[in-house]
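Okay, so here's the structure we're looking at.
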Amino acid sequence: MDPQPTYPFAEVEARWRRSPSARPDRDLPADASKAAVKHYIYPWPAPFSVGGRADLSIERRWVLADTLARLQGHRAQAPVVPIVVDGFAPAPPGGRPADRARECLETLEIRRTGEVVDTTAPAFYRFTQWIFLELHLKGLAARILKRVDACTRCGRKYRFGSLASCRACQGEISERRESEWWIDISGYGERLVQDLEGGQWPREEMLGQKDVLGRVRGSEVSFQVSRLFEDEYAELVVFTTHVERIFGVTFILVDPYHPIVEAVLDPAYEDDVARYRERLRKGAEPRISAARTGGFALNPANLRRIPILVSPLASVPPSDGAVMAVPAHDPELWELAKRLKLPIREVIHNDKAKFDSQSRLEEPWLGDGVLTNSGSFTSLPVRVGRDRVIGLLNRKGCCQRATRFRRSRLLAAAQGVWGPPVPVVHCKRCGIVPVPEHELPVELPPELAAGPVEGGLAASKRFVRASCPACGEAAARDADGILPWLGTAWAYLRALLPGLDGPVEGFQGQAPGEVRPEATSSDATREAPAPATPAVPAREAPPEERAPEAAQAPDSSVPSSPAPHLDVLPEDIDIFAVPSAAPAAAGDPAQESAQESAEEPAEEPAEGPGGEEERPAEPDAAAGGSGEEGEGPVAPPEAAPGGEAAAVARGAIEPDLASTTVEEALPQQSPRGTPAKEPGPAKGLEGGGEEADDEDDGEEEAADRLSSLRPFSGPFVPALLPVDTAIGAGSLRPGDILAVRFLARFLQETGHSPVAEPFRRYLRAGAVQVGPPPAVPPPKSPAKGAAGPAEKARPGDGGRGPPGGAPAAGEEPRSLSELAGRFGADAVRLCLLFGGPPPRPIAVDVHRARCMQRFLDRIWRQMLLRRERGRYVSRRMLVEKHQMIHRVTERLQAGKPHTAVAALMRFVRFLEDRETAPEDMDRFAMRTFIILLSPFAPFLARELWAAMGETDDLATAPWPVASDELVHPPEREFPIFVDGRLRDRMQQPASLEPEKLESRALQRDRIRELVGSRRVERVVVVPQRLVSIVLATEPPRQG
RNA sequence: GCCAGAGUGGCGGAACUGGCAGACGCACGGGUUUCAAAAACCCGCGGGCCGCAAGGCCCAUGGGGGUUCAAGUCCCCCCUCUGGCACCA
């Protein structure tokens, strides 16, 4: 035989790439109503880093999407497959990701719909910002100032109060404030959980999301609280899952920074609490500890006065900063009570518990039991008691059922994050003022357009300087960056709105009444909003030039000038100054040494100055700007002294768990805590922590402020949503998906999107590692393979033996284009599909690519051979063919492309079988095979198609349908079991009646022999399947 | 610690609602071809036992119990690993 012909992929690909009809991408049709677009496949946006990557995870998603889309294409549909590149994600910058993505798509012959969407394009993030504003106006997004501890040496950040010195470099820890924007989703939790059931979520994803949301059902109990010698009462709401234990509550713990502390703290205890806080911060206090506040609460059940203490134990979820302590039934509280000599009162009795001679509990009882010491509820079982207690307290008006969610907020923007700027302005007079819609986008300054820069937005003075859209006074732009998820979370809508790049009514920047004074004029990119290639004028503001503190900061343990974060403000706008009368942090210089991190800790986003005092301060205040650095007209004022200390002194104490300050309070941070009322999402946040029981009003009011624009209202949006198949990245955490689902709900509620659930089906595609498996895991092989093959494994031959150590040099340096160049695009596609089940991570390497290439060669040969000789089609061939159709179709739709490929391979194997004549495959069979092949290996398929002389368009050739009759042939083999063991088989008509199957089975020689003289006790016949014979147990002679 | 998921040949992995375990691929062994090698092609390939052979039997889906005519699949206990949560989103 001649040397076996091989598939000349290079030549074929070149030919088809050159062909004008081969342009792989397409646009949404102009007229939606005529279009056959019915199917929407959405590969999750991803960062697309530039340069050699050892990771083809995105390509895997794209190929999977493309393969599924091609299948639909054969079903007379033009599926929509947008490609979105998330440039803001923390990927190494240094190029135009969108361009590289385009190249890659072309290489792999992936069809996309429309242009590659880049989240970093101002035309895109204009709407990210717009959505952000909608969230803000609806009262869901609010700004919070948060304390963090940061290492003064390496900049690493830690939770406030958690450490005494840097875990990584032992450097000194100092407090710093950071601003963050959070979205309150507590009102959406219930629906987010419920609607999981309806969707086609893989079990794992569903559980993950539920887990992240962390729904806890319980009750809220309000306690009257007061200072020691005062009669004035305030209210404290405590969440608990065990109301029935209310009679056992002997004290109350609150977070050391809980706002209620302010209300109840007795002057006599002020020092104690302050010291306690400080000791906690330094790690000098154990977790199980507490300090008295001198405040008391009234137990509504038995009207006893119980002390209020501050303790970190109060912040353990699901509690949100206050717990009613029942020490008798909680180990930690038990220990605390013992230490502080607080009373312990048994309320759940069980004889199994340990009691001392006076029948007092000897250790906390955690199990079940009946209520005791509980007034009229005594001796009720816990379950019953709970309902009764709720009933009682409810009548007293101090208890209601409540649901909490562990994740009730989403981080939407933060200081130092590289992302679209938060489109608001901070004005001394008006507070937080949204940038008007028509001024969107608020573009990134040029030095930040291409990638993150140390110090972030706040470092750009020109950016920060602005004027208040409301009053026209000088103001400062918010310097926080919006997190990547918010951009990608609406990208599936963007892809259906091709016009969104251009002018959109209501959004064009240069509207008549535009108020944008000096701040704008210097900003080059401002003028050209649209698709914007922000001509980056080579970093006009090198980071070094700004902020002298940065230079002095790195290792100085000396507190630098307090709060350098104000250096970004123009000197004449002293917006966030704190009353200079404030006790200037006198007490505590250490707290003030906020400073920038010179080097970024690897895992934290770039972090900058900026961030201001909470609460737009009273206008009369002025903190001196010492004007350290007079670059241009902008002189950074000196920071307002005593940010934190002053705040504390004024009593503006962080309401959230220990470490955050709300600027516009999120509901659950109001002193009362949050009643996360089920049905009503989107309570107004405005007005600080005022109780929003009149939700309707709040909502209406908010609605008034929402945008009247409907930019997302193209014809394709209702036609194609929800997305039919979303292909998520393996790296997506459940919380990320949750965020997208939340946003979808929000957009639906506000009338911007027709669907609340964005995805009909969700597939996850795991990571792809390029190259050979990481290393030889040494512990693995020695035990078993010691003698045989392990010894013989030849390490030398071209990366073969998987455990054989490093593959031959020269083989391995790889990239997508190199692989595609050596083995062809189809082979790479197959690698990505065949590598394993989508959710799992796979590897792609030269060896695997070659295997796929070999498979393509085998196809090539068979098809050439049969094109010459094929004449007829046998029944055997038909059955094989239809089984292949059935398997490929079903497996591909099921999201298991690797088994679909296996079905193709199986068929090819059948063709190669000796028993299969070269003549046995007619033209139709070949057509069918090629069509089935084409979603997986489009180049080869197209070449074969042309070689067959077919002239119709392969891409839209109708997908074959498997005939049931042939998939399940009329004659089949029935296994026969005797006593549960496979003993014989017989060929019989598939639909033979059970009775006949039974009798024919019993008549078989082999079965008669096995049965012998024993009695047939039972025969189980499964029609279409098998016969199972049960014999009576042997007569008991050898028993 | 809490919650969830997964453990199948030497490897990646198949197996629809309980119904012939190991599809497909790799690796490995033998053979054909070749001066030789690569490539290609053919045969074999979970383990053990009986048999010259055809063939047959037994054991095998982390371990141990159970339900069933029948268990990788369902139930209980245990072991191991992974993921999520708990200190961050």
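When reading the values below, keep in mind they use all heavy atoms of this one structure, side chains included, and skip hydrogens, waters and symmetry mates. Here is how names work: the chains are called A, B, and so on, in the same order as the sequence lines, proteins then strands, and each is numbered from 1.
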For nucleotides 82-84 of chain B, which of its nitrogen or oxygen atoms have a protein nitrogen or oxygen under 3.5 Å away, and what is each distance?
{"unit_1": "B:G84", "atom_1": "O2'", "unit_2": "A:D211", "atom_2": "OD2", "d": "3.1"}
{"unit_1": "B:G84", "atom_1": "N3", "unit_2": "A:D211", "atom_2": "OD2", "d": "3.4"}

Atom pairs under 3.5 Å, N or O on each side, protein against nucleotides 23-25 of chain B: can you list them with distances?
{"unit_1": "B:A23", "atom_1": "O2'", "unit_2": "A:R906", "atom_2": "NH1", "d": "2.9"}
{"unit_1": "B:C24", "atom_1": "OP1", "unit_2": "A:R909", "atom_2": "NH1", "d": "3.1"}
{"unit_1": "B:C24", "atom_1": "OP2", "unit_2": "A:R909", "atom_2": "NH1", "d": "3.3"}

Compile the donor-acceptor pairs under 3.5 Å between side chains in residues 895-913 of chain A and protein atoms, sequence neighbours left out, one pair per line.
{"unit_1": "A:T899", "atom_1": "OG1", "unit_2": "A:K896", "atom_2": "O", "d": "2.8"}
{"unit_1": "A:E912", "atom_1": "OE1", "unit_2": "A:R858", "atom_2": "NE", "d": "3.4"}
{"unit_1": "A:E912", "atom_1": "OE1", "unit_2": "A:R858", "atom_2": "NH2", "d": "3.2"}
{"unit_1": "A:E912", "atom_1": "OE2", "unit_2": "A:R858", "atom_2": "NE", "d": "2.9"}
{"unit_1": "A:D913", "atom_1": "OD1", "unit_2": "A:E915", "atom_2": "N", "d": "2.7"}

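Dashed line: the shortest gap from a side-chain N or O of A:R983 to OP1 or OP2 of B:C57 is under 4.0 Å. OP1 or OP2 of B:A27 has not a single side-chain nitrogen or oxygen of A:R850 nearer than 4.0 Å. A:R891 has a side-chain polar atom (N or O) that falls below the 4.0 Å cut-off from OP1 or OP2 of B:A15. Note on A:R1018: a side-chain N or O is less than 4.0 Å away from OP1 or OP2 of B:C69. A close approach under 4.0 Å does not occur between any side-chain nitrogen or oxygen of A:R985 and OP1 or OP2 of B:C20.
The aromatic rings of A:Y188 and A:F742 stand perpendicular to each other, their planes meeting at an angle above 60°, with 30° marking the opposite boundary. Note on ring orientation: taking the six-membered ring where Trp is involved, the planes of A:W44 and A:Y762 are perpendicular (angle over 60°, cut-offs 30° and 60°).
The C1' atoms of B:G66 and B:G84 are separated by 32 Å, rounded to the nearest whole Å. For the C1' atoms, the distance from B:A15 to B:G56 is 26 Å, rounded to whole Å.
For the atom pair A:L833 CG and A:I842 CD1, the distance stands at 8.0 Å (nearest 0.5 Å).
When each of A:I976, A:L1010, A:V1027 is tested with A:R1004 by the rule side-chain contact (heavy atoms from CB on, under 4.5 Å), just one qualifies, namely A:I976.
Using a 4.0 Å heavy-atom criterion, one finds that A:E890 contacts no nucleic acid atom at all. If you check every strand for non-hydrogen atoms under 4.0 Å, A:L411 touches sugar and phosphate atoms only.
Taking a pair to require two hydrogen-bonding distances under 3.5 Å in either a Watson-Crick or a G-U wobble arrangement, B:U68 remains unpaired. Pair check for B:C45 finds none; no Watson-Crick or G-U wobble contact set falls under 3.5 Å.
Using a 4.0 Å cut-off between a side-chain N of Lys or Arg and a carboxylate O of Asp or Glu, A:R848 and A:D845 qualify as a salt bridge.
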